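See structure below.
Just so we're on the same page: letters track the sequence lines, and every chain starts at 1. The structure displayed is predicted, hence computed values, not measured ones.
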Amino acid sequence: MEKEKKEARNFIEAIIDDDLARGKVQQVVTRFPPEPNGYLHIGHAKSICLNFGIAKKYGGRCHLRFDDTNPEKEEQEYIDAICEDVRWLGFDWGSHLYYASDYYEDFYKYAEELIEKGLAYVDDLSAEEIRAYRGTLTEPGRVSPWRDRSPEENMTLFRRMKAGEFKDGEKVLRARIDMSSPNINMRDPVIYRIKHASHPRTKEAWCIYPMYDFAHCISDAIEGITHSVCTLEFEDHRPLYDWFLDHISIENHPRQIEFARLNVTQTVMSKRKLLSFVSEGLVNGWDDPRMPTIAGLRRRGFTPESIRAFAEAVGVAKANSVVDSAMLDYFIRDDLNRRAPRVMAVLRPVKVVIDNYPEDKVEWVEAENNPNDPGAGTRKVPFSREIYIEEEDFMEDPPKKYFRLSPGREVRLKHAYYITCTHVDRDEEGKIREIHCTYDPASRGGWTPDERKVKGTLHWLSAAHAVRAEVRLYEPLIREGEGEFDNLINRDSRETLTDAFVEPGLKGIDSGRHFQFLRLGYFFSDPDSSEEKSVFNRVVGLKDTWAKVSQ
RNA sequence: UGGGCUGUAGCCAAGCGGUAAGGCACGGGACUUUGACUCCCGCAUGCGGUGGUUCGAAUCCACCCAGCCCAGCCA
C-alpha cells in the first residue's frame, strides 16, 4: 500500500496549518517581492519556490511584487529579467503583478496620517547627525531637536518636501517611536527621504520616496498578504512593521515568518558581488553560464525541474546553513539522466587507425538514444577506418585498474567493434600522431560469439564524418577553501575547446537542446551556436569513479 | 559589553516527553555495450556543554558556550 500520509511539512507550513485550523485566515496569500536592482539568483529561486509553492499547496495565490522604492538603483531591464526568470522557473502570478510604486499615493496618505497623530515628524538633521544621534548597540540614542514640532508644522513641511521645495538630504520624515529602544530599528527610523531622481515607472512624479521598511509592510497589507515570508535579517524589523500597521488605518495585518536564506558552497549569493563580476568582466554578463543567476543557470543548461527539486530538497528552516554544491549537481544529473538523449562527442581528439579495416568502407551502426528509456529510439552512426577517441582514453603505460586502451589491450568501441592496440606512431616531439589498432570483425555491434569480456568501452567518432564543434567547460567562479574572498576568485573558470567533434547528426543543431555526451557529461547547446558552428556548454560532468580511483 | 535569532552525522534536515526519518556526500558490494544510471549494504548508545525535573529528555527547566543578524536618507 502507498504510505504517503507523512507529507513533509516545514515549519512555515506548520504555522499556516495552524492559522487555517484556528480560522485566522481562510485563504493563503503569499508574495515574492524582489527589488529590481539586479538579476535573480539561485537563492531567490528558493524563495520563489517557497512562496509560489505554498500558494499552490494551499490553493491560494502568490503575488509578484517589485519593491521599487529606490529609483537610483532600479531599472526596467531588471524588471523584465525577473519576470522572465520567475516564469521560466514554472510559476504563474496570473493577474497579480504589482509594484510598490503603484502604492505611492497610499504610502503618502499613511505618512500624513502618522503626522496627524503626532507619530511622525520632519527632521532637519543631516544624515551624519542622524547617525550620531542614533546611539550605538549598547548606548541609547538621543532625540532630535526637531522631534517635537507640531503636527501642523510637520504637515506643512512634509507637503513642501513632496512639492520639491527642498534639496536631496535636506529633510527626512521620521517615525516618532523610541530613541532608546534596544532594537535600533525602532529608534525613530526614517520613512521618507528626498530624491530628485527619475523612477523607472513613476518617472518625475515624485521627489520623495518611502523607505523599504515603511513601504514593504504596507504593500503586503494592501495586497491582502496573509503570510509574509522573508529572510532572517528582517526578524528585527518585525516590531517596526507591527508598529506601522497598528498605527495607520489599515485592516489587514500579515503574519511575517522568517527563514534562513540559501547559501551554496563555492557560490556567490550577493547581488553586489555578482554585479561586480559583470561590470569587471570576470564573466560575460548576468547570464554567463558560470553565474549562479537564474539566467546563468538557464544558459548553462539547468532545467526548471532540477532547480525546483533542489529547492525542495534543501528544505526550509531557521538555522544558517551552507548547502554543498554537489547537491545541485545531483539534481541536474538526476533530471537530465531521464531526458537527455545520448550522443557521442570527442572533446580532445586523438586519431586511431584500424589497420585491418577496409580503406573506403563506411558502416552505419545502430546506437540507442537512451538506454534508460527504450521509447527514445535509436539512430545510425558512421564507422570507418580512421576514428577519433578521447585523448585520456589511451595510455601507453597505464596504471593498474586502468581499463581503457593501451598497447596490447582490447576495448570495445561503443555500438561498434572491439579493437586491440598494436602500436603507437609518434612525431619527433614524442606527441602521438596515430594509435594503430586492429579490429575483430566478429564483434560488430559490441559483442562477440565467444562472449569474451571486455572491460573498457570507449566513445568514438569516425574522423571523416565528425563535425567540429566548440565546447565550453566551466569551473566554479570561487575556489574551494577559506581565505580572502578576492584570493578565492577563479579567474580561469572557463575552458573553450575549439577542436572538439560531435556526431554528424548534431550538425546545425538548434540551441537550447540537452544531450549526454557519452561518458563525458551533460551538455547544452548555447545560443552562440550558428549554422556553421555549434557551441555546447557542459552543464555538469558525469560522476567519475575513475577520477577518484586514479588519484 | 544592548536587542533579535540559531546550534541534531562531512553538508542539508525531520523530530513537538516513549527510546534519533529522509536526502546529498562518503565507503563497500551487485549489475553494466557509459568507470554513468539502477539496486543492495554501511554511515549519530548520539542531539553545542553542564546540571536539574521525570519511570523515561534531542524534546521541559536553569546556567554556560559558540555562531549569525542589527548602529543606510539600501533592500
Look at all strands and tell whether A/Arg134 reaches a base, only sugar-phosphate, or nothing, counting heavy atoms closer than 4.0 Å. sugar-phosphate
Using a 4.0 Å heavy-atom cut-off across all strands, classify A/Ala127 as base, sugar-phosphate, or nothing. base
Any A/Lys543 side-chain N or O less than 4.0 Å from OP1/OP2 of B/U34: no
Nearest-angstrom distance from the residue atom CZ of A/Phe331 to C1' of B/C37: 16 Å
Looking across every strand, which nucleic acid part, if any, lies under 4.0 Å from A/Tyr209 by heavy atom: base, sugar-phosphate, or nothing? nothing
Please verify the inter-ring angle class for A/Tyr103 with A/Phe107; under 30° counts as parallel, over 60° as perpendicular, anything in between as tilted. perpendicular
How would you label the contact of A/Val323 with the nucleic acid (heavy atoms, under 4.0 Å): base, sugar-phosphate, or nothing? sugar-phosphate
Mind calculating the distance between CG (A/Asn320) and P (B/C5) to the nearest angstrom? 14 Å
Regarding A/Leu262, tell me which of base, sugar-phosphate or nothing describes its non-hydrogen contacts under 4.0 Å with the strands shown. nothing
Within a radius of less than 6.0 Å around CH2 of A/Trp546, do more than 12 heavy atoms belonging to other residues, nucleotides or ligands occur? yes
Side chain to side chain contact (heavy atoms under 4.5 Å, CB included) test vs A/Ile191 passes for just one of A/Asp213, A/Leu240, A/Leu173, namely A/Leu173
Starting at atom CG of A/Asn10, determine the distance to atom C1' of B/A14, rounded to an integer number of angstrom. 11 Å
So what does A/Thr457 touch, heavy atoms closer than 4.0 Å: a base, only the sugar-phosphate, or nothing? sugar-phosphate
Rounded to whole Å, how long is the line connecting atom CE of A/Met269 with atom P of B/C12? 13 Å
So which nucleotide from B/G3, B/C74, B/U34 ends up closest to the side chain of A/Gln516? B/U34
Check whether any side-chain N or O of A/Ser321 sits under 4.0 Å from OP1 or OP2 of B/C11, and answer yes or no. no
Reckon A/Lys195 touches a base, only the sugar-phosphate, or nothing at all at heavy-atom distances under 4.0 Å? sugar-phosphate
